[in-house]
Amino acid sequence: MSTTRPYSPGDRGPEPSGASGASQGGVPAGGASGEGVSAPSGAAAPPGGRQVRRLSFDGASGVVPLARDFARQALYAWGWLPAASADQRAAAEDVLLVVSELVTNACLHAEGPDQLWITCDNKVIRIEVADRGTGQPSPRTPHRAGRPGGHGMFIVQRLCLDWGVVRTPGVAGKTVWAELGAPA
């Protein structure tokens, strides 16, 4: 877990502006449909390439199921779904759970999410949720499994390779990111 490092080791930094639905090199990966949703192209990420999907929550309601559906569509486009094995199915479900937890935390603690980015490069999937909140997410310690609530960041910490928070000086809000390994 990392809450001090803005990007995990080997990361290439933030996505360029206008990266919605674009793969590395700026080739569109899908057209826009509805409230800032980039539709997946149906093709898996190219070897060594990076696919990016962006969802804007501007004015949207029901953002958690919207985010899960958006992530599920991306997983189908990148070949994570349909899963050929139990391990692949579990990896896809982990991605959907992390998306749900990060978006839910933005709803509960940060005035709601602004945008969701999902990036895949065949080895790692990166989930980023931008919000306007000032708080610092962290797993509740000590973690007590029997206590209601407060499990979101504990789940993220347990399922992910790494996670953290990015803040831009002079800009309100933050981006919470998490990375998961691709299924074998």
Could you pull out the closest heavy-atom pair between [X] and [Y], with the gap in Å?
X	Y	value
Ala130	Trp117	CB-CZ3, 3.6 Å
Cys107	Pro113	SG-CD, 3.7 Å
Leu159	Leu180	O-CD2, 3.9 Å
Ala67	Phe57	CB-CZ, 4.0 Å

Distance (rounded to the nearest 0.5 Å) between [X] [atom1] and [Y] [atom2]:
X	Y	atom1	atom2	result
Thr175	Arg167	OG1	CZ	9.5 Å
Leu55	Leu66	CG	CG	5.0 Å
Phe70	Ile118	CZ	CD1	5.0 Å
Leu102	Leu116	CG	CG	8.5 Å
Glu111	Asp131	CD	CG	8.5 Å
Cys120	Leu75	SG	CG	8.0 Å

Could you go through Val95 and Ile127, starting from their C-alpha distance and side-chain angles, then the distance that decides it, and tell me whether this counts as side chain to side chain contact (heavy atoms under 4.5 Å, CB included)? CA-CA 8 Å; Val95 169; Ile127 301 158; 4.1 Å; yes
The side chain to side chain contact (heavy atoms under 4.5 Å, CB included) partners of Val124 (sequence neighbours excluded) come to Asp121, Leu161, Glu179
Could you note down all residue pairs passing salt bridge (Lys or Arg N to Asp or Glu O under 4.0 Å) where residues 61-70 supplies at least one of them, sequence neighbours left out? Asp69-Arg72
Which residue pairs satisfy the salt bridge (Lys or Arg N to Asp or Glu O under 4.0 Å) criterion with at least one member in residues 94-108, sequence neighbours excluded? none
Can you see whether Trp177 has Arg126 sitting over its ring - NZ or CZ less than 6.0 Å from the centre and within 45° of the normal? yes
Option passing side chain to side chain contact (heavy atoms under 4.5 Å, CB included) with Lys174 (candidates Val166, Val129, Val165): Val165
Set out, in order, the CA-CA distance, both residues' side-chain angles and the distance that settles side chain to side chain contact (heavy atoms under 4.5 Å, CB included) for Trp78 and Arg53, then state yes or no. CA-CA 11 Å; Trp78 296 332; Arg53 300 288 188 276; 3.6 Å; yes
Strictly distance-based, threshold 3.5 Å: is any side-chain N or O of Ser85 a donor or acceptor partner for the main-chain N or O of Gln88? yes
